[in-house]
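To start, the structure under review is shown below, and the notes come after it.
Keep in mind that the numbers below use all heavy atoms, side chains included, and drop hydrogens, waters and symmetry copies. As the structure is a computational prediction, the values presented were derived from the model and not from experiment.
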Amino acid sequence: GCSSGEEAHTIAMIVYDSGQFFWNWDVQVIGMDVDQVALEKARRAVYHHNSFRSVSPAVKERPYAPAAGAAAQAQEPSPRLVSFRAGNIVDPASYMGLPALDVIFCRNVLIYFSVAMILKVVRLFHDVLVPGGYLFLGHAESLSRITDLFTPIRFQGAMVYRKEGPRPSL
């Protein structure tokens with residue numbers, strides 16, 4: 001659930017700033033949500049003060065241009081790298097037409113689901129990820145008592161889940 005797109009645009013900016021485009025990576029960030037109003041906001045990429053509450057002014061100014069009122073709009077490259085689509089993460093049909101994914105960010109969505117629904121969604125994620133692909137969940141979400149489809153990789157302050165297989169060649 002990408003909601004209004006802040007995280008999708010941020011991921012695109014981080015990847016672009018990392019210089020990976022100089023390695024000829026073909027990066028696409030695809031956001032999916034069931035809420036059409038949120039998706040329209042995500043496509044416009046216009047955000048208000050609350051979206052920047054924990055961002056320094058220097059970070060805010062560089063990738064964002066002033067917009068009407070107290071808003072700011074994401075600048076290039078984010079809108080070029082990011083697309084949004086209507087879909088429900090629990091519905092297998094929502095993944096039709098997507099390329100195999102190297103990484104899935106599903107942060108702070110699964111906390112609202114039952115264990116059975118989490119397992120269903122995680123199996124769908126497993127199906128659409130390439131071998132060696134990664135799943136990022138929110139800090140309050142864990143697969144430890146739900147499934148062993150993914151190998152947990154611990155970092156200081158974070159957990160990432162990896163699908164078995166060779167790492168993706170990006």
Side-chain angles (χ1 to χ4, degrees), residues 1-21 23-36 38-43 45 47 51 63 74 77-170:
C2 68
S3 187
S4 54
E6 287 98 329
E7 188 169 5
H9 286 290
T10 301
I11 291 167
M13 289 177 200
I14 290 169
V15 170
Y16 186 83
D17 287 348
S18 74
Q20 300 308 319
F21 285 94
W23 297 4
N24 295 318
W25 283 14
D26 178 20
V27 175
Q28 299 174 36
V29 177
I30 304 165
M32 182 175 11
D33 205 284
V34 296
D35 185 337
Q36 292 291 342
L39 287 171
E40 185 52 39
K41 181 177 180 181
R43 288 181 185 107
Y47 301 105
S51 296
S78 177
R80 182 170 32 95
L81 304 178
V82 180
S83 64
F84 296 95
R85 64 188 281 155
N88 186 335
I89 65 170
V90 304
D91 181 5
S94 295
Y95 300 90
M96 298 297 288
L98 284 176
L101 304 175
D102 297 302
V103 179
I104 295 175
F105 290 88
C106 185
R107 296 170 20 86
N108 305 318
V109 175
L110 301 181
I111 57 175
Y112 301 105
F113 293 173
S114 68
V115 171
M117 191 60 70
I118 292 170
L119 185 55
K120 179 180 179 177
V121 171
V122 169
R123 285 179 177 150
L124 288 169
F125 289 166
H126 189 269
D127 290 345
V128 298
L129 274 170
V130 298
Y134 295 94
L135 172 61
F136 288 78
L137 300 177
H139 73 280
E141 298 164 318
S142 172
L143 300 180
S144 67
R145 294 189 176 120
I146 297 172
T147 182
D148 61 357
L149 283 173
F150 293 88
T151 301
I153 302 171
R154 297 181 196 284
F155 292 93
Q156 184 176 348
M159 177 78 73
V160 177
Y161 296 91
R162 185 171 178 271
K163 179 178 174 177
E164 287 304 314
R167 288 193 175 142
S169 59
L170 300 174

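Side-chain atoms of Arg85 come within 3.5 Å of backbone N or O of Ser94 as a donor-acceptor pair. A donor-acceptor pair under 3.5 Å links the side-chain atoms of Asp33 to the main chain of Cys2, judged by distance alone. Under a 3.5 Å cut-off, the side chain of Tyr161 and the backbone N or O of Leu149 do not form any donor-acceptor pair. Here the side chain of Arg162 pairs a donor or acceptor atom with the backbone of Gly165 at under 3.5 angstrom. With hydrogens and angles disregarded, a donor-acceptor distance shorter than 3.5 Å links the side chain of Lys163 to the backbone of His126.
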Would Ile146 and Val122 count as a side-chain contact (heavy atoms from CB on, under 4.5 Å) if you check the C-alpha gap in whole Å, the side-chain angles of each, and the deciding distance to 0.1 Å? CA-CA 9 Å; Ile146 297 172; Val122 169; 5.7 Å; no
Intermediate values then yes/no, side-chain contact (heavy atoms from CB on, under 4.5 Å), Leu135 and Phe105: CA-CA 6 Å; Leu135 172 61; Phe105 290 88; over 6 Å; no
Go through the steps to decide whether Tyr134 and Ile104 satisfy the test side-chain contact (heavy atoms from CB on, under 4.5 Å), and finish with yes or no. CA-CA 6 Å; Tyr134 295 94; Ile104 295 175; over 6 Å; no
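For the pair Val82/Ile30, no side-chain contact is recorded, criterion being any heavy-atom separation below 4.5 Å from C-beta on. Using a 4.5 Å cut-off on side-chain heavy atoms (C-beta onward), Leu101 and Val130 make no contact. Counting heavy atoms from C-beta outward, Cys106 and Leu137 have side chains that approach closer than 4.5 Å. The shortest side-chain heavy-atom distance between Val103 and Phe136 falls under the 4.5 Å cut-off. Within the 4.5 Å cutoff, no side-chain heavy atoms of Val160 are placed close to those of Pro152.
Between His9 and Phe84, the ring planes lie tilted relative to each other; the angle falls in the 30° to 60° range.
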